[in-house]
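What follows is a single structure, written as structure tokens, with notes after it.
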Amino acid sequence: MKTSRLNWLLLQMLLFFCLSVNAQSWKADNGNGTYTNPLFFEEFSDPTMVRVGEDFYLTGTTNHVMPGLPLLHSKDLVNWRLIGYAMDRLDLGPDCRLEENKQMYGQGIWAPSFTYHDGTFRIFANVNKHMTQIYESKDINGPWKHSEMKCSLHDLSVFFDDDQKPYVTWGARILRMAQLSADLTDTIPGTTRVVAKVNAEGSHLYKIRNKYYIIWAVPGGTTPMLCGKADAIYGPYEIVPISENDFMGVSRGHFTQSGNSEIRPMKISNSDPKVGLTLHQGGIIDTPTGEWWGYSMQDHNSVGRVLNLAPVTWQNDFPYFGLPGNLTKSPRTWTKPNVGKPQQPIVSMMDRADNFSKDKLMPAWQWNHVPVETKWSLTENPGYLRLHSLPAKDFWWARNSLTQRSIGPVSITTVELRTEGLKSGDQAGLALLNNPYAWIGAVKEKEGLFIRMFDNTIQNEADNKKLPEVRVTASKLYLRVTTDFLTEKAQFRYSIDDKLFYPLGREITMSYNVQTFQGVRIALFNYNRNGVEGGYADFDNFNVEERYPNGLVRPVPFGKTVVFTNKSDSTRLGVENNQLVSSKSIDANSVRFKILDRGNGRVALQAVNGKKFISVDSEGAVSLKDTKPDVNETFQWIELEGGDLVLLSLVTNRYLSAKPGAKVNALESNPAPSRVDGSSFTWTF
């Protein structure tokens, strides 16, 4: 009996460990033939993809962090893995190094163009205040050769035509095109043309079935994506929107306009659930089986811009994002691309946890600006990351801050900090890097060692000193921050024993900022505020726990009986007089629906009272049918962020909607960010 009990306990511990490990990183692959956007619940701006045979590769914007230009690989467009970087360091002056009171927050590598031509990978990336940079390699794993063009081309796209001539499109307001020299270093004089007199950024240039296509985003509040089509490379181009008001139910959160970290208190705008954040700036790519898919980013509040994947529907020779009958609108959950191969391993984009036991940093880590290589080490105290403090007036100017992208929807980041090496004036700890920023850390004073929290939205240093602090004598501390990107709130905590964690300071409001042009990043730091080089801090056991690592907060309740409540008016979906209605007065037995599994995360909804199925015709009309479920009775079960449910009809490719005062139909094109359009539901057993 004792042996059996022990085995049972060991099994439970093993299961808990496995679940904890698997729960640490977002995975877009639902494991049932579908995926859920975003592909990564973390920042990935200005995406650009290429396909080489059966392999897909991806890179994007990295601004001021090093290394830059991440290289990701996938076999199915859903499961991606970070394999390295094309750029190790970008050192073009003191602003790249946080020297001479200069910085390049939000500058650096912008909106790259990724190409594969004649056996060579090339990444072209413009750098603010400098020329366009080129990185090229015969092997995706490097080494990558770096060179610089003689011109600066904003948001460029490079394309090699069938005659091998290279062309480039670029522009922030007016879209231009030119032929490049054979050595790719400059545009050829006399070849520059204006191809579109519209606001344009993030262009992608293609040739498909003997037609030329340029896809770009329109800067502004709603940022639609446009596509130009022409028979000749210089046009004229016929232009249509291919993605427009495409929100996936995401509303605008907090935003900070100021580009000056010294301005306090910083004004953070209120969130607005009525305003949606659109998909924008991306391109298209084909699979080996001939399918076409669209990819684009979406401003996603304080977590940053995230990457989304959408099926492409060709109509009138234009590649629309979305499905027939609902063009320009992308489903958050859909069937995975057909790449002609069986199910690929389900993976997260990268590993985040690190005990610093290796001789080099994990790929997840990036430095804030160019680091001072002699002032950090993994070998001085093996098994620890050692950061030597350098003088800085505050965290914004601290050199050698090591960062990772934060991950949503909700994550808990914990790190162990050894403080024996700190000297007076040193401040070391765990930060949320953005503008505004905040941190929790160990502060060494003449009077002793303190745990403090700093909030950059507070008006001045004196007010920050009024925040709670804890005097400690322990040489080992544990620092933690919980980041909830559904509410845009964060809370710092500390522990002496890694068991009991106590909150310190007030809850932080996270926001997106146009100076960094990045989401909130997790950072490890050590700097000295007394204007001198100080001591050192040792970090260990960095860990990230992900609360909701999949597209479904709750599994689809196949075989169960549930009740649907309308988010717009709290009415319940049910059967009355043999009609589907949404009402507050309907009797309890008439609001129960059994959920039948239709494969690929799809369901049929059978009314328990009468046994009939909810059915949709080609015009979007909804009725109850006493029939075996077929396509008319099938819905894609899709969770919006936060767990709200929408049901996508496979007949109309639109959402079941029960607007107050209207007949239930399946005609809603796009779930409203406010959740009050009648298409969003909650469900209970």
Side-chain angles (χ1 to χ4, degrees), residues 46-53 55-59 69 86 110-127 131-140 144-198 200-217 226-239 281-286 292 317-319:
D46 306 327
T48 174
M49 293 184 188
V50 296
R51 178 172 69 86
V52 181
D55 297 283
F56 300 94
Y57 300 100
L58 165 69
T59 192
L69 294 174
W110 268 94
S113 173
F114 201 177
T115 69
Y116 180 77
H117 174 71
D118 197 23
T120 300
F121 293 97
R122 291 184 181 89
I123 302 175
F124 301 79
N126 201 52
V127 175
M131 299 301 168
T132 298
Q133 312 295 304
I134 306 177
Y135 298 86
E136 58 184 347
S137 175
K138 294 288 186 181
D139 189 330
I140 193 67
W144 289 79
K145 176 185 175 183
H146 175 216
S147 59
E148 185 174 82
M149 295 182 70
K150 299 176 183 178
C151 53
S152 177
L153 303 172
H154 180 91
D155 280 22
L156 75 164
S157 177
V158 175
F159 161 75
F160 293 86
D161 207 344
D162 296 339
D163 59 6
Q164 308 305 308
K165 291 180 180 179
Y167 292 85
V168 60
T169 60
W170 76 97
R173 297 299 174 186
I174 296 176
L175 194 63
R176 291 178 169 85
M177 180 184 292
Q179 186 179 337
L180 288 174
S181 59
D183 62 3
L184 307 176
T185 61
D186 205 350
T187 58
I188 296 177
T191 65
T192 299
R193 306 282 190 278
V194 172
V195 293
K197 293 182 179 180
V198 295
E201 62 183 7
S203 60
H204 289 69
L205 176 60
Y206 307 94
K207 188 175 186 180
I208 304 169
R209 295 191 286 269
N210 293 319
K211 292 187 181 295
Y212 295 91
Y213 294 88
I214 310 175
I215 295 174
W216 67 88
L226 303 182
C227 179
K229 176 185 68 173
D231 293 322
I233 192 161
Y234 281 115
Y237 282 87
E238 178 188 356
I239 301 170
Q281 195 153 331
I284 58 176
I285 196 164
D286 65 338
W292 283 90
D317 286 332
F318 280 103

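Side-chain atoms are counted along with the backbone in the values below, which use heavy atoms only and exclude waters and symmetry mates.
- With Asp155 contributing its side chain and Gly171 its backbone, the two residues share no donor-acceptor pair below 3.5 Å.
- For Asp139, the CG atom counts as densely surrounded, since its 6.0 Å shell holds more than 12 non-hydrogen atoms of other residues, nucleotides or ligands.
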Next item on the list: Could you give me the CA-CA distance, side-chain angles and deciding distance for Tyr212 and Tyr234, then say whether side chain to side chain contact (heavy atoms under 4.5 Å, CB included) is met?
Entry: CA-CA 9 Å; Tyr212 295 91; Tyr234 281 115; over 6 Å; no
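- Separation of the Phe114 and Tyr57 ring centroids does not fall under the 6.0 Å cut-off.
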Notebook entry, point to check: Can Trp170 and Leu205 be said to form a side chain to side chain contact (heavy atoms under 4.5 Å, CB included), step by step?
Noted result: CA-CA 10 Å; Trp170 76 97; Leu205 176 60; over 6 Å; no
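- The main-chain N or O of Phe124 is never found under 3.5 Å from a side-chain atom of Ser113 such that the two would form a donor-acceptor pair.
- In this structure, Lys207 places its NZ atom where more than 12 heavy-atom neighbours from other residues, nucleotides or ligands lie under 6.0 Å away.
- For the atom pair Phe121 CZ and Lys138 NZ, the distance stands at 10.5 Å (nearest 0.5 Å).
- Put simply, the side chain of Asn126 reaches to within 4.5 Å of the side chain of Ser152, judged on heavy atoms.
- Between the side chain of Arg51 and the main chain of Ile285, no donor-acceptor pair closer than 3.5 Å is present.
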Next item on the list: Would you sort out whether Glu201 and His154 count as a side-chain hydrogen bond (donor to acceptor under 3.5 Å, both in side chains), showing the intermediate values?
Entry: CA-CA 8 Å; Glu201 62 183 7; His154 180 91; 5.1 Å; no
Next item on the list: Applying side chain to side chain contact (heavy atoms under 4.5 Å, CB included), run through Phe159 and Thr169 and close with a yes or a no.
Entry: CA-CA 9 Å; Phe159 161 75; Thr169 60; over 6 Å; no
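- Atom CG of residue Asp183 and atom CE of residue Met149 lie 8.5 Å apart, to the nearest 0.5 angstrom.
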Checklist line | Stepwise side chain to side chain contact (heavy atoms under 4.5 Å, CB included) check, Leu184 with Phe160 | finding: CA-CA 11 Å; Leu184 307 176; Phe160 293 86; 4.1 Å; yes
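- Residue-environment remark: NZ (Lys211) exceeds the threshold of 12 foreign heavy atoms within 6.0 Å.
- Separation of atoms SG (Cys151) and CG (Asp186) is listed at 4.5 Å; rounding is to 0.5 Å.
- Atom CD1 of Ile233 and atom CD of Gln179 lie 8.5 Å apart (nearest 0.5 Å).
- For the pair Asp163 (side chain) and Lys165 (backbone), a donor-acceptor distance under 3.5 Å is present.
- Here the side chains of Phe318 and Lys229 are in contact, with some heavy-atom distance below 4.5 Å.
- A 4.5 Å side-chain heavy-atom check between Leu175 and Tyr237 finds every atom pair outside the cut-off.
- With rounding to the nearest 0.5 angstrom, the CE atom of Met131 is 9.5 Å from the CG atom of Leu153.
- Summarising the geometry, atom CD1 belonging to Ile239 is positioned 6.5 Å from atom CG belonging to Leu226; distances are rounded to the nearest 0.5 Å.
- Residues Ile208 and Ile284 have side chains in contact (heavy-atom distance under 4.5 Å, counting atoms from C-beta outward).
- No donor-acceptor distance shorter than 3.5 angstrom exists from the side chain of Thr185 to the backbone of Lys150, with no hydrogens or angles considered.
- Closest heavy-atom contact between Ile123 and Pro112: CG2-CB, 3.8 Å.
- Looking only at side-chain heavy atoms (C-beta outward), Leu180 and Ile188 stay at 4.5 Å or farther from each other.
- Nearest approach of His204 to Gly282, heavy atoms of both residues: ND1-O, 3.0 Å.
- The minimum heavy-atom distance linking Trp216 with Cys227 is given by the pair CZ3-C, 4.4 Å.
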